[in-house]
Number of protein chains: 2
Amino acid sequence: MTQSTISDISRALIEIAWHFGPKGLNGECCENLTMPEFIALDKISTTSQCAVQDVGYSLGFTKSGATRIVNRLEKKGYVQKIKSHEDARICCVEITKSGERVLSSANTRYMEQFHTIAAKMPEHSVADTVNMLKAMATALKG
Amino acid sequence: MTQSTISDISRALIEIAWHFGPKGLNGECCENLTMPEFIALDKISTTSQCAVQDVGYSLGFTKSGATRIVNRLEKKGYVQKIKSHEDARICCVEITKSGERVLSSANTRYMEQFHTIAAKMPEHSVADTVNMLKAMATALKG
DNA sequence: AAAAGTGGTTGACATCGTCAACCAATAGAG
DNA sequence: CTCTATTGGTTGACGATGTCAACCACTTTT
């Protein structure tokens, strides 16, 4: 029992998580966007009237962590903070044109990565693989 | 084009990578083991005469990063460094009993997580899912 | 109007990995 | 056999990133 204490399935999950995770893809998703920044930017782009804490929530960060990541994105010119008219405490975070561009570019990079991998899986069709991953992602949220 | 700039497949991959990655599972795989430590420990447990740099290589870390992570594991009592007899420059890193215990426990936790997810995927059998993930992991290495 | 709650920010801090310089040991060339 | 180049590993300084706790500003409750 000295060798191979962990199972294939754990190893596979880890491999995937590591490759597509914060450290994979050379530690950056696209240009100067880290993985958490990518997730944050996606959240912001798909949420109208996105409060700073909403960003933190989707990343599992504290609210101060949320402030920091939004500030970083703002400094890079990818988002803007605008005070809400309804409630002056809330900052609505909005994606800029530049942010949309970089988000779409990061997406492209992800897709390329995925297709490179998918091409190396002769036993599985790309469509099946995609379906399974989507199902898994859905299951993760539920 | 303001909404939803990134595709479902990217989103699914990110979801999975984030959940099973360094930040997922509450930021720790098991007890006081981080994700990179988990990977390192697995590498060490399956490699005989494991040099410090081998650990770094499997994580994509520099050699100084490798030293640091091995030291952390050593401080926690999960590995031991032993000078090689053949080449006195090399430290052979070996897993301890305590290390094996924690590795196996982390593995269990991973498996539980996976099965919870798999149970929520009615369209896909667990076996199919496992096969696909393994195929993907293999494709990643090749 | 006072008290309690909520959104956001900030300073101090811990963690973690890199870079570059370094030491020790080995291997190769003459 | 010695001198040099290479290799494995460590360390100090540093940058990046997230947390905690205290704080301010604005709202809501009483």
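Reckoned from all heavy atoms, side chains included, excluding hydrogens, waters and symmetry mates. In what follows, every chain begins at residue 1, and chains take the letters A, B, ... in the order their sequences are listed. Computed from a predicted model, the values in this text were never measured in an experiment.
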Inset, instruction - Check every strand shown and say whether G60(B) touches a base, only sugar-phosphate, or nothing at a heavy-atom separation below 4.0 Å. - result: sugar-phosphate
Inset, instruction - Take L41(A) and I6(B), measure what side-chain contact (heavy atoms from CB on, under 4.5 Å) needs, and give me the verdict at the end. - result: CA-CA 10 Å; L41(A) 204 49; I6(B) 87 165; over 6 Å; no
Legend entry - Residues in side-chain contact (heavy atoms from CB on, under 4.5 Å) contact with A118(A), at least two apart in sequence or another chain: F114(A), V126(A)
Inset, instruction - Sorted by first residue and then second, give each salt bridge (Lys or Arg N to Asp or Glu O under 4.0 Å) pair with at least one member in residues 43-65 of chain A; sequence neighbours left out. - result: none
Legend entry - Qualifying ring-ring contact (aromatic ring centres under 6.0 Å, His included) pairs with a residue from residues 32-68 of chain A, counting only residues at least two apart or across chains: F38(A)-Y110(A)
Inset, instruction - Give every residue pair that meets the side chain to side chain donor-acceptor pair (under 3.5 Å) criterion with at least one member in residues 125-137 of chain A, sequence neighbours excluded. - result: S125(A)-D128(A)
Legend entry - Sub-4.5 Å side-chain heavy-atom contact between T62(A) and R68(A): no
Between N or O atoms, less than 3.5 Å apart, protein on one side and nucleotides 6-8 of chain D on the other: list the pairs.
| residue | atom | partner | partner atom | Å |
| --- | --- | --- | --- | --- |
| dT7(D) | O2 | R89(B) | NH1 | 3.1 |

Inset, instruction - Please tell me if the side chains of N107(B) and M111(B) come closer than 4.5 Å, counting only heavy atoms from C-beta onward. - result: yes
Inset, instruction - Select from S64(A) and D54(B) the residue whose nearest nucleotide in DNA chain D is closer to the 5' end of that strand. - result: D54(B)
Inset, instruction - Would you indicate whether the side-chain heavy atoms of Y78(A) and N32(A) approach each other to under 4.5 Å? - result: yes
Inset, instruction - Would you indicate, yes or no, if dT19(D) has its OP1 or OP2 atom less than 4.0 angstrom from a side-chain nitrogen or oxygen of T62(A)? - result: yes
Inset, instruction - For A66(B), check side-chain contact (heavy atoms from CB on, under 4.5 Å) against everything at least two apart and list the hits. - result: V52(B)
Legend entry - Secondary-structure notation, DNA chain C, from Watson-Crick and G-U pairs under 3.5 angstrom (| other strand): ||||||||||||||||||||||||||||||
Donor-acceptor contacts, no H, no angles, side chain residues 85-94 of chain A, under 3.5 Å, sequence neighbours left out:
| residue | atom | partner | partner atom | Å |
| --- | --- | --- | --- | --- |
| D87(A) | OD1 | R89(A) | N | 3.0 |
| D87(A) | OD1 | R89(A) | NE | 3.0 |
| D87(A) | OD2 | R89(A) | NE | 3.4 |
| D87(A) | OD2 | R89(A) | NH2 | 2.6 |

Inset, instruction - Under 4.0 Å from any heavy atom of chain B: name the first and the last nucleotide of DNA chain C that qualifies, 5' to 3'. - result: dC16(C) to dT26(C)
Legend entry - Of residues 68-85 of chain A, the positions that come close to DNA chain D - non-hydrogen atoms, cut-off under 4.0 Å: R68(A), R72(A)
Inset, instruction - Let me know the distance between CZ of F61(B) and C1' of dA16(D), rounded to the nearest Å. - result: 14 Å
Inset, instruction - Mind checking side-chain contact (heavy atoms from CB on, under 4.5 Å) for T96(A) and listing every partner two or more places apart, or none if nothing turns up? - result: Q80(A), S98(A)
Legend entry - Residue list, side-chain contact (heavy atoms from CB on, under 4.5 Å) with A17(B), at least two apart or on another chain: F20(A), M35(A)
Inset, instruction - Could you tell me which non-hydrogen atom of I9(B) sits nearest to which non-hydrogen atom of V130(A), and how far apart they are? - result: CD1-CG2, 4.2 Å
